[in-house]
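Order of the sequence lines fixes the chain letters, A, B, ..., with proteins taken first and strands second; residue numbering starts at 1 for each chain. Bear in mind that the values here come from a model prediction, so they are computed numbers and not experimental data.
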Number of protein chains: 2
Amino acid sequence: MPKRVDHNLRRLQIAEALWRIAASRGLEEVSMRQVAAEAGVSTRLVQYYFETRERLLVEALALRNEHDRKRIEGRLPEGASLRDAIRVLLLGLLPLDEESRQSTLIQLAYGVRAVNDPLLAEHVIRPSKPGLDELVTELLAGAQAAGQLHEGLELMREAGTLLALSNGMSYDVLMGMRSADDAIALVDYNLRRVFLSEAT
Amino acid sequence: MPKRVDHNLRRLQIAEALWRIAASRGLEEVSMRQVAAEAGVSTRLVQYYFETRERLLVEALALRNEHDRKRIEGRLPEGASLRDAIRVLLLGLLPLDEESRQSTLIQLAYGVRAVNDPLLAEHVIRPSKPGLDELVTELLAGAQAAGQLHEGLELMREAGTLLALSNGMSYDVLMGMRSADDAIALVDYNLRRVFLSEAT
DNA sequence: TTTTATGTGATACGATCGTATCATAAAAGA
DNA sequence: TCTTTTATGATACGATCGTATCACATAAAA
C-alpha cells in the first residue's frame with residue numbers, strides 16, 4: 001500500500017500544537033484550523049487524524065495525561081526517603097517550570113470545562129484522582145511506622161491537607177499571586193509540621 | 001425625556017443571565033445572542049447596555065465580585081470569636097451551596113482565561129487577593145495574643161496554608177471528587193491543629 | 001508496470017459569532 | 001400638542017467555525 005507514515009507520531013505532533021494553544025491562548029481558541037496552523041499542517045490533516053473537534057480535545061488530553069504521568073514518574077529519585085518522596089510528589093503538582101506550568105494550565109482549562117461536560121469529566125477526573133490521597137496516606141503510614149512523624153496526626157487528613165494545599169497554591173502561582181519559592185517554602189513548612197526532623 | 005428605565009437594574013439582569021450561562025455551560029458559550037436569549041431581551045439591548053462583548057465579560061465579573069463580597073460579609077455573625085470568624089471565612093471560599101458553587105465556577109472560569117489576558121487578570125486577581133492572607137494572619141495574631149493558639153506556629157504560613165487548603169478543596173468539591181462534608185471536616189481538622197481548644 | 005489503498009490538499013456549505021446600521025416606540029419637556 | 005431624547009427592535013455584513021466533499025499524489029502489492 002501507500003506512503004506509510006507513523007500515525008502515532010503525527011497525532012502527537014498535532015496534540016502538542018493543541019497543548020501550546022490551550023496553554024497560551026486558552027481552550028476556546030483551539031479550533032481545527034488554529035491547531036493545524038500551529039502544527040504546520042493542513043486543516044484536512046487534523047480532520048484525518050482526529051475525526052472531530054470533540055475527539056481532538058479528548059484525545060489530546062489523554063496524550064497529555066500520559067505525558068505528565070511519565071514526567072512525574074521520572075522525577076522520583078531511586079533511593080528517596082518517604083519524606084522526600086512525598087515532597088517530590090507535592091512539588092510535582094506545582095507549576096514550577098514552563099512544562100509543569102503548561103500542564104497545570106491545561107489541566108485547569110479542561111477541568112473548568114469538565115464541570116459541565118460529563119464526557120470530558122471522565123478524562124479529567126480519572127487520571128488526576130487515581131488515588132493520590134491513598135498514596136500519600138500510605139507513604140505517611142510508612143513514615144509513622146518508622147517513627148518519623150509527630151504524634152496525634154490523622155494520616156488521611158494530613159494527606160488530604162498536603163494535596164489540597166499544593167492544588168490551591170498551583171492556582172496562585174499560575175496567576176502570579178504567589179512566587180514559586182513561596183509555594184515551595186509553604187510545602188516544606190507543612191512537611192516540617194508533620195515529620196519529626198529535617199534529616200532523612 | 002423618554003422611557004426612564006433603571007439602567008443599573010437592567011444591567012444586573014443581563015449580568016445575571018451571563019452568570020447562569022457561564023456557570024452552567026462555560027464562558028465560551030457566553031455570546032451576545034446567548035446572553036440576550038437567557039435574559040429574555042433582544043441582542044440589541046445587550047449591545048446597548050454593554051457596548052462590546054469584552055466589556056460585557058469584564059463588567060459582569062465586576063458585578064459578580066460585588067455580589068460575592070456582600071454575600072460573604074453578610075455571613076459573619078456579629079459577636080463571633082476569632083476562630084469562628086476564620087472558619088466562616090474559609091468555608092465561604094468553598095462551593096457548599098448552589099450560589100457559592102456558581103461563584104466558584106465563575107471565578108475559576110475567569111481565572112483560567114485571565115492567565116493569558118492581562119485585562120481580565122486585573123479584575124480577577126485584585127478582588128480575590130485583596131489581602132485575605134493578611135486578614136487571616138491578623139486574626140490569628142489576635143488569637144495568639146489571647147493565648148488561643150498552639151505554640152511554635154508561624155502565623156503567616158498557617159494563614160497561607162488554611163487559605164490554599166480551602167482553594168484547593170474548592171476545585172475538588174466542584175468536580176465531585178470530594179464531598180462538602182469532607183471539605184468542612186478537613187477545615188475543622190486544621191483549625192483544631194492551630195487552635196488550642198474547640199470552645200470559643 | 002499496473003493497481004490500489006493510504007495520506008494530503010483545496011475548497012465549499014451552513015451556522016454562529018461580534019458588531020454596525022437603520023428604523024421606531026415611548027415619554028418627558030416645550 | 002409637538003418636539004426631542006431615550007430605549008428597543010429588525011436586520012445586515014464579514015469573519016470564523018466544524019465538517020463534508022472532491023481530487024490527487026504516493027508508494028507498497030500485484
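The phosphate of D/dT6 has neither OP1 nor OP2 within less than 4.0 Å of any side-chain N or O from B/Tyr48. Taking side-chain N and O atoms only, A/His7 has a distance below 4.0 Å to OP1 or OP2 of C/dG7. Neither OP1 nor OP2 of C/dG7 sits under 4.0 Å from any side-chain N or O of A/Arg10.
With salt bridges taken as basic N to acidic carboxylate O contacts below 4.0 Å, one links A/Arg71 and A/Asp68.
Taking the six-membered ring where tryptophan is involved, the planes of B/His67 and B/Trp19 are tilted, since the angle between them lies from 30° to 60°.
For B/Glu54, the CD atom is loosely surrounded, since the number of other residues' heavy atoms within 6.0 Å does not exceed 12. Within a 6.0 Å sphere centred on CE of A/Met156, heavy atoms belonging to other residues, nucleotides or ligands number 12 at most.
With hydrogens and angles disregarded, no donor-acceptor distance shorter than 3.5 Å links the side chain of A/Thr52 to the backbone of A/Arg55.
Each of A/Glu158, A/Arg157, A/Glu154 was evaluated against B/Arg193; a single residue qualifies, A/Glu158, per the side chain to side chain contact (heavy atoms under 4.5 Å, CB included) test.
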- Output field dot_bracket for DNA chain D (Watson-Crick or G-U, both distances under 3.5 Å, | for other-strand pairs) contains ..|||||||||||||||||||||||||||.
- Message: Using a 4.0 Å heavy-atom cut-off to protein, can you give one letter per nucleotide of nucleotides 11-18 of chain D, 5' to 3': B if the base is in contact, S if only the sugar-phosphate is, - if neither?
- Response: ------BB
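Looking at heavy-atom distances under 4.0 Å, A/Phe50 makes no contact with the nucleic acid at all.
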